[in-house]
Amino acid sequence: MKKICVLAGAAIMSLFSCQKNQPSEPYQKSVNDIIYASVEDDCSSRTSIADGNNIVWSEGDCVISFMKKTLGCKYRVTTESVGSKSAEFTRVGLDYGESTPLNHNVSYYPYDAAVVCAASAEGSSYTLSVTLPETQQYVSGGFAGNSFPMTAVSDDNNLTFKNVCGLLKLQLKGVQKVASIKVQGNTTEKLSGAAVVTAYADGSVPSIEMSSSAM
């Protein structure tokens with residue numbers, strides 16, 4: 001797709017947001033407890049739009065990151081980073097479990113525990129099995145949280161996110177209130193549902209392919 005610059009046992013388990021079971025051994029602090037995320041310049045596709053159309057991270061933003069292995073873990077933006085283009089994210093829970101090594105760190109926004117990451121044969125690109133929501137929320141001046149997909153690939157913990165899809169910007173005038181807007185694709189074009197996103201280590205624009213079950 002062409003890019004357009006655009007919750008007693010259940011409570012215990014909720015502390016561990018990664019994709020595998022709780023370990024019996026005590027947790028050892030890891031270098032991957034913190035990642036640093038920024039968004040590419042000149043594209044209006046995040047949850048908040050600051051002056052000059054700079055895209056900034058918002059309160060509660062979370063990503064799923066695969067830190068050189070196919071076991072993904074949840075990271076949440078720190079309070080101090082809210083409102084910034086470049087933000088610090090801290091890991092939520094642990095990342096114990098079996099996994100396959102990856103050549104790079106790969107991240108996806110918005111966070112979804114069901115996202116699966118796999119590497120190409122040469123390890124220079126990564127496929128992410130995701131679901132694009134049928135309904136996306138908006139807020140005044142930008143997007144609501146979890147509204148727009150982005151990916152990042154990096155050798156280290158500094159991740160620059162690139163937009164997966166294009167941005168549809170509507171400028172409405174008048175005194176009426178608009179509760180919702182329905183967007184349809186041309187003929188059989190699919191806009192939501194299961195999809196595979198490919199992220200590239202060389203910084204190329206991510207690509208997306210909708211599944212046959214998508215709508």
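Nothing here was measured: the structure is a model prediction, and the numbers come from that model.
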Are a donor atom and an acceptor atom from the side chains of [X] and [Y] found within less than 3.5 Å of each other?
X: S213; Y: S211; answer: yes
X: S120; Y: S125; answer: yes
X: S107; Y: Y75; answer: no

### S84 and V56: CA distance, side-chain angles, deciding distance, side chain to side chain contact (heavy atoms under 4.5 Å, CB included) verdict
CA-CA 5 Å; S84 301; V56 298; 5.8 Å; no
Under the 3.5 angstrom rule, does the side chain of [X] hit a backbone N or O of [Y] as a donor-acceptor pair?
X: S81; Y: E88; answer: yes
X: W57; Y: T78; answer: no
X: N163; Y: C165; answer: no
X: K162; Y: A199; answer: no
X: N105; Y: D156; answer: yes

Mind checking whether [X] and [Y] have side chains closer than 4.5 Å, heavy atoms only?
X: V39; Y: T160; result: no
X: V153; Y: Y126; result: yes
X: T198; Y: I208; result: no
X: F161; Y: Y109; result: yes
X: V106; Y: L128; result: yes
X: D33; Y: T90; result: no
X: I35; Y: S65; result: yes
X: K74; Y: C62; result: yes

Which value, rounded to the nearest 0.5 Å, describes the distance between [X] atom [atom1] and [Y] atom [atom2]?
X: K190; Y: M215; atom1: NZ; atom2: CE; answer: 9.5 Å
X: N103; Y: K69; atom1: CG; atom2: NZ; answer: 15.0 Å
X: C117; Y: I64; atom1: SG; atom2: CD1; answer: 9.0 Å
X: L71; Y: L102; atom1: CG; atom2: CG; answer: 10.0 Å
X: F66; Y: T100; atom1: CZ; atom2: OG1; answer: 12.0 Å
X: E59; Y: R76; atom1: CD; atom2: CZ; answer: 10.0 Å

Which heavy atom of [X] sits nearest a heavy atom of [Y], and at what distance?
X: S38; Y: S86; value: CB-OG, 3.5 Å
X: E122; Y: S124; value: CG-OG, 3.0 Å
X: V196; Y: S129; value: CG2-OG, 4.5 Å
X: M210; Y: L191; value: CE-C, 4.0 Å
X: T151; Y: Y108; value: CG2-CD1, 3.8 Å

### Query
Can N32 and N157 be said to form a side chain to side chain contact (heavy atoms under 4.5 Å, CB included), step by step?
CA-CA 7 Å; N32 289 330; N157 289 31; 3.5 Å; yes
### Message
Using side chain to side chain contact (heavy atoms under 4.5 Å, CB included), reason through F89 and V77 one step at a time and then give a plain yes or no.
### Response
CA-CA 4 Å; F89 280 65; V77 68; 3.7 Å; yes
### Task
Count the heavy atoms belonging to other residues, nucleotides or ligands that lie under 6.0 Å from CD of Q136, then report whether that count exceeds 12.
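Yes.
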### Task
Check the pair I181, L172 against side chain to side chain contact (heavy atoms under 4.5 Å, CB included), reporting the backbone distance first and the verdict last.
CA-CA 11 Å; I181 296 173; L172 307 177; 4.2 Å; yes
